[in-house]
Amino acid sequence: MKINRKNIKHNNFKNQKEIYDFWENEKLFRANPSSNKKPYSLLIPPPNLTGELHLGHAMQHAILDAVARFKRLQGFDVLLLPGVDHAGIQFEATLDRKLKKKNISKEKLGREKWLEEAWKFKSEVYKSVSKTWRFLGLSADWSHEVFTLDEGPRRAVFEEFKTYFEKGLIYKGPYIVQWCPKCNTAIEDVELEYEERKEKLYFLKYGPLTLATARPETKFGDTAMAVNPKDKRYKEYVGKVFTIETLTGNRKMKVVADSAVDPKFGTGVIKVTPGHDFVDYEIGKRHNLPILQAINKDGRLTDLAGKYEGMKVMEAREKMLPELKEKGILIKTEDYTHNVAVCERCKSIIEPLISEEWFVKVKDLAKGAISVINEDAINFLPKNYKKILVVWLKDLHDWCISRTLWWGHRIPVWYPSTRSARSGQVAEMKVSLESPGKGWVQDEQVLDTWFSSGLWPMSTLGWGDQSQSGKSKWKELVKYFPWDFEISAPEIKYLWIGRMIMISKYFTNTIPFKVMFFHGMLRDLQGRKFSKSLGNGVDPNYLIDQWGVDATRMALYTYSIPGRDGRVSKDLLDERGKNFRNFETKLRNISRFILELKPDSNVILSDSEESRDPSSRTQDDNKENFGNKWIMDELSKTSQKVTKNLEQLELHLAVDEIYNFVWHQFADKYIESSKNRRVEAQPTLEHILKQVLILLHPFMPFLTEEIYQKFGVKRKSIMLEDFPQN
RNA sequence: GGGUUCGUAGCUCAGUUGGUUAGAGCACUGCAUUGACAUUGUAGAGGCCACAGGUUCGAGUCCUGUCGAACCCACCA
């Protein structure tokens, strides 16, 4: 690249915002689909639109940005695509809580008005996310920014739904689902958490048999008893029907034999409640048992419960115990500790129940995903996540994709009348993005957030969008897909990563990304996750205020090892932040020494990059004297290692290398020894400094740009430099 | 019950395919300081690399087992 010195402006930036604006105004973050440079694409995991970015996000984004900047310096056409996710349940719950405080009820507002509020709230929350991104120096291509509910993704999601529908992979029907009574919607297995609870195990008399249960209140929904077929104790009872007292009259129940029953647990007999338990549902299906609904969607008992009708589950359990005892049904209780499923979002106890929902048959999708993963088409970091995902994919059950919410992609299914909509008449419905005509009513439910997130690698590049704006993007899809780099927290490996692989393979017959980087989780010193309720989190904005962006980024890179959790506290992060802030000061001082305190200005200003030969030997060049040759060798070794580390995505090692070189080789040894031959060493000093800045730029973008601007001979921005070739 | 990962200095952690004397930051001790830099320099102390076997010329690194910690998955009613 020819340097035209006349065009070079020395920028004296007042603050980091000015630097960021300079980059943005110069369009240095923009990808260029028509350039002949080799593409390198990175997809930012869309953060949930629910609030502030936390420390984990900051680390994730710092990693993405370092890789993107590195690849740009290497001469790639880099696309770092930003976007945010509408985060269905979570967003809706947050907004409802907010509205409740203002005494506005959702029902009163109605769907349309509520959605207006939602979009307002969305842009409010988005501002804080966007601000933090810029704060961190994220070099994202803002011209490509996407929101999951935008038109493009909406059309892509429709395409996805329609295809499944036409291929017979989508069905609607009653099925047992994990139901959150508080969020009032079905949720997926992967959306639940387990909490250890100390409860009781109740031993109840059912006809001639005694069985153990933790949930006596589901008694009203029992339709059978079951034992293990190999259990000799109960052989004579199998197939026989007994009359069982239910507290609301007698019910005839059969004893069935099913291998799902563990003969070692309790008495070896279970009551079967197909309407409110997953195992029981399966047993029921195998033995053709009737299903009774004993618990409603609001978590209260139904009329089956007689005088207990309307009571919440826990209340009913307490209240019915005396009656059970009195009637001789409750024989004894034992202390019992077990895991209770709770909603990941609101922590309320999940009620398995039967609900009319939409499902996707995932068997073929999963098979495809397994095949691409086994072909090693995706480079998983760490490697073992490959196996973990395959195991999960192997016995995946059908995906419940409907949610009883308003915030999301509404299911693109229409019914000819309100009545057929209510009864969900499958035969009459039409799949369409827009209304098929007057009188048609759209399905009330929306799609699971992950239905659209799973499509993210494609929908962000215009896939499935038949409109003009979608078609104009096809070149980008060809150029940037599959993505070169994707990063994620391990906790959403199934929810998101697994889905993306399945969906991408199904629709494009290829992988969604070439590198899948799972960073570790940042935890507190006791190894617990950060959470609002524990208050153990560390706010990235605090660290940035205290130590600066670049130092904060550096501190985070030291925790960026794939799959390795880091234990941190405010003190520990302050320690590292301070350490790298000191490093920043060191580098400022080095540059002041080299660029501002020059021995003789005539000697130093060389005219072009080429005319200088920094590797020329000094008179007394040997190891002990730390001469030019020595430092050039050290630099070369360092840049080789840094390049290798970056290529292998070992950012923590790269940071370590540069840190050590700058401080302990360059500053402590070379600069010290150069003081008595300053004039002769000056070209080398400048050369090394500039190379150091380039090596460091992916990690400390602001500082390196700031110092770079002080060079006499330079390009417009350090972002336009070339990464040292080795 | 199945799976994964970890155990290295007082603390938080690095240690790339096995290869000199096992490293960093912080903390600690001595010394220096009109210096580009005290947000510094320099010297140092601190480790049976969890434990026990094995493979090897050679093991923090590979294999087996034991103990300890954490996480994920699963239909323990």
Side-chain angles (χ1 to χ4, degrees), chain A residues 176 189-190 194 199 201-202 204 211-216 218 222 225-226 258-273 276-283 336-339 341 352 382-385 387-392 394-395 397 490-491 493-494 520-521 523 525-529 547-548 551 554-555 558-559 561 563-569 571-598 641 644-645 647-648 650 652-657 659-660 663-664 667-668 671-672 674-675 678 685:
Chain A
I176 186 157
D189 292 354
V190 269
Y194 289 89
E199 296 192 331
L201 195 57
Y202 305 89
L204 306 180
L211 52 82
T213 179
R215 302 201 58 190
T218 58
D222 291 345
M225 291 167 280
D258 197 289
S259 55
V261 181
D262 178 1
K264 288 196 272 301
F265 186 90
T267 60
V269 187
I270 64 165
K271 61 194 209 52
V272 185
T273 323
H276 299 285
D277 186 284
F278 280 82
V279 186
D280 294 6
Y281 181 82
E282 294 299 325
I283 295 175
Y336 182 52
T337 307
H338 66 150
N339 291 329
K383 282 201 295 288
N384 59 309
Y385 275 71
K387 201 171 136 194
I388 295 175
L389 274 163
V390 168
V391 168
W392 178 73
K394 268 188 179 150
D395 56 12
H397 55 246
E491 57 181 350
K493 55 186 177 290
Y494 306 129
M521 302 270 288
R523 302 170 178 282
L525 291 181
Q526 290 150 60
R528 299 176 302 182
K529 279 197 219 175
W547 312 111
M554 290 292 266
T558 63
Y559 290 101
I561 304 163
R564 257 308 204 281
D565 290 355
R567 298 198 170 191
V568 299
S569 64
D571 287 349
L572 279 170
L573 285 164
D574 273 338
E575 180 190 307
R576 293 201 186 194
K578 184 176 155 193
N579 181 226
F580 287 109
R581 192 273 322 265
N582 292 355
F583 179 65
E584 192 169 329
T585 309
K586 187 77 182 177
L587 204 62
R588 277 221 171 75
N589 279 309
I590 290 171
S591 79
R592 195 150 74 102
F593 176 74
I594 296 175
L595 299 174
E596 291 171 26
L597 305 171
K598 295 173 183 177
K641 281 185 202 159
K644 188 181 151 206
N645 293 334
E647 297 281 10
Q648 297 183 354
E650 296 169 317
H652 63 294
L653 294 180
V655 162
D656 217 49
E657 285 296 336
Y659 181 96
N660 184 57
W663 204 311
H664 302 303
D668 290 349
I671 294 181
E672 283 309 316
S674 78
K675 283 176 180 169
R678 179 66 196 275
L685 286 167

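The figures that follow rest on heavy atoms only: side chains count, while hydrogens, waters and symmetry mates do not. Here is the naming used below: chain letters follow the sequence lines, and residue numbers restart at 1 for every chain.
- Counting only Watson-Crick and G-U wobble pairs whose two key distances fall under 3.5 Å, RNA chain B forms stems of three or more stacked pairs at B:1-7 with B:67-73, B:10-13 with B:23-26, B:28-32 with B:40-44, B:50-54 with B:62-66.
- Taking the side chain as every heavy atom from C-beta outward, A:Lys641 and A:Leu653 never approach each other to under 4.5 Å.
- Listed by chain and residue number, A:Glu584, A:Leu703, A:Glu706 satisfy the side-chain contact (heavy atoms from CB on, under 4.5 Å) test with A:Arg588 (two or more places apart in sequence, or in another chain).
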List every contact pair, protein side and nucleotides 8-10 of chain B side both N or O, where the distance is under 3.5 Å.
none

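- Between A:Arg215 atom CZ and B:rC75 atom P the separation is 16 Å, expressed in whole Å.
- The minimum heavy-atom distance linking A:Gly577 with A:Ala555 is given by the pair N-CB, 4.2 Å.
- Among the heavy atoms of the strands lying under 4.0 Å from A:Leu597 are primed sugar atoms or P, OP1, OP2 only; no base atom is included.
- The side-chain hydrogen bond (donor to acceptor under 3.5 Å, both in side chains) test applied to A:Asp258 returns A:Arg286, A:His287, not counting sequence neighbours.
- A distance of about 34 Å separates the C1' atoms of B:rC73 and B:rA59, rounded to the whole Å.
- Taking atom CD1 of A:Ile388 as the reference point, atom C1' of B:rC72 lies 7 Å away to the nearest angstrom.
- Looking at which nucleotide of RNA chain B each of A:Gly563 and A:Ile590 is closest to, the 5′-most match is held by A:Gly563.
- Of all nucleotides listed (B:rA36, B:rC76, B:rG25), B:rG25 comes nearest to the side chain of A:Tyr659.
- Looking at heavy-atom distances under 4.0 Å, A:Phe278 makes no contact with the nucleic acid at all.
- Within 4.0 Å of A:Ala212, counting heavy atoms only, lies at least one base atom of the nucleic acid.
- Interatomic distance, CE of A:Met225 versus CG of A:Leu204, reported as 11.5 Å (0.5 Å rounding).
- Distance check on atom P: B:rA24 versus B:rU5 gives 29 Å, rounded to whole Å.
- Side-chain N/O atoms of A:Asp574 and A:Trp547 include a donor and acceptor closer than 3.5 Å.
- Rounded to whole Å, the C1' atom of B:rG58 lies 8 Å from the corresponding atom of B:rG18.
- With sequence neighbours excluded, the residues that form a side-chain contact (heavy atoms from CB on, under 4.5 Å) with A:Arg592 are A:Asn589, A:Glu596.
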**OP:** Before giving the answer on side-chain contact (heavy atoms from CB on, under 4.5 Å), spell out for A:Tyr281 and A:Thr273 the whole-Å C-alpha distance, their side-chain angles and the decisive distance to 0.1 Å.
**Re:** CA-CA 7 Å; A:Tyr281 181 82; A:Thr273 323; over 6 Å; no

Is there any protein nitrogen or oxygen under 3.5 Å from a nitrogen or oxygen in nucleotides 59-64 of chain B, and what are the pairs?
none

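- Comparing B:rG23 with B:rG47, their P atoms sit 14 Å apart, to the nearest whole Å.
- When side chains are defined from C-beta on, A:Ile270 counts as touching A:Ile283, because their heavy atoms get closer than 4.5 Å.
- Using a 4.5 Å heavy-atom cutoff, the side chains of A:Leu211 and A:Thr267 are in contact.
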I'd like a table of atom pairs between the protein and nucleotides 40-44 of chain B - only N or O on both sides, under 3.5 Å - with the distance next to each one.
| unit_1 | atom_1 | unit_2 | atom_2 | d |
| --- | --- | --- | --- | --- |
| B:rU40 | OP1 | A:Asn582 | ND2 | 3.3 |
| B:rU40 | O3' | A:Lys586 | NZ | 3.4 |
| B:rG41 | OP1 | A:Lys586 | NZ | 3.3 |
| B:rG41 | OP1 | A:Trp663 | NE1 | 2.1 |

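- Shown here are the side-chain contact (heavy atoms from CB on, under 4.5 Å) partners of A:Asp565, two or more places apart in sequence or in another chain: A:Met521, A:Arg523.
- For the P atoms, the distance from B:rC67 to B:rC48 is 23 Å, rounded to whole Å.
- For the pair A:Ala214 and A:Leu201, the tightest heavy-atom approach, listed with the atom from each and the gap, is N-CD1, 3.9 Å.
- A donor-acceptor contact under 3.5 angstrom links the side chains of A:Asp668 and A:His664, judged on distance only.
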Original post:
Base, backbone or nothing for each nucleotide of nucleotides 12-21 of chain B, written B, S, -, heavy atoms under 4.0 angstrom, 5' to 3'?
Top reply: BSSSB-----

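- Between A:Glu584 atom CD and B:rA36 atom C1' the separation is 16 Å, expressed in whole Å.
- One atom, OH of A:Tyr385, and another, P of B:rU5, lie 10 Å apart when rounded to the nearest Å.
- The CZ atom of A:Arg678 sits 9 Å away from the P atom of B:rA36 (whole-angstrom rounding).
- On the P atoms, B:rA9 is 22 Å away from B:rC63, given to the nearest whole Å.
- Applying the ring-ring contact (aromatic ring centres under 6.0 Å, His included) rule to A:Tyr659 yields the partners A:Phe580, A:Phe583, A:Trp663; only residues at least two apart in sequence or on another chain are considered.
- One can place NE2 of A:His276 at 19 Å from P of B:rC75, the figure rounded to the nearest angstrom.
- If you take atom P in B:rC71 and the same atom in B:rG65, they sit 24 Å apart, rounded to whole Å.
- To the nearest whole angstrom, the two P atoms, one in B:rG68 and one in B:rC26, are 36 Å apart.
- By the side-chain contact (heavy atoms from CB on, under 4.5 Å) test, A:Ile561 is found to be paired with A:Arg564, A:His652, residues two or more places apart in sequence or in another chain being considered.
- Counting non-hydrogen atoms under 4.0 angstrom, A:Asn384 reaches the backbone sugars and phosphates but no base.
- Residues forming a side-chain hydrogen bond (donor to acceptor under 3.5 Å, both in side chains) with A:Thr558 (at least two apart in sequence, or on another chain): A:Arg576.
- Between the CD atom of A:Glu491 and the P atom of B:rC73 there is a distance of 10 Å, given to the nearest Å.
- Side-chain contact between A:Asp277 and A:Thr218 is absent, with no heavy atoms from C-beta onward closer than 4.5 Å.
- With rounding to the nearest 0.5 angstrom, the CD1 atom of A:Ile594 is 6.5 Å from the CD1 atom of A:Ile590.
- Put simply, CG on A:Asp574 is 18 Å from P on B:rG25, counting in whole angstrom units.
- Nearest nucleotide to the side chain of A:Lys387, out of B:rA36, B:rG25, B:rG3: B:rG3.
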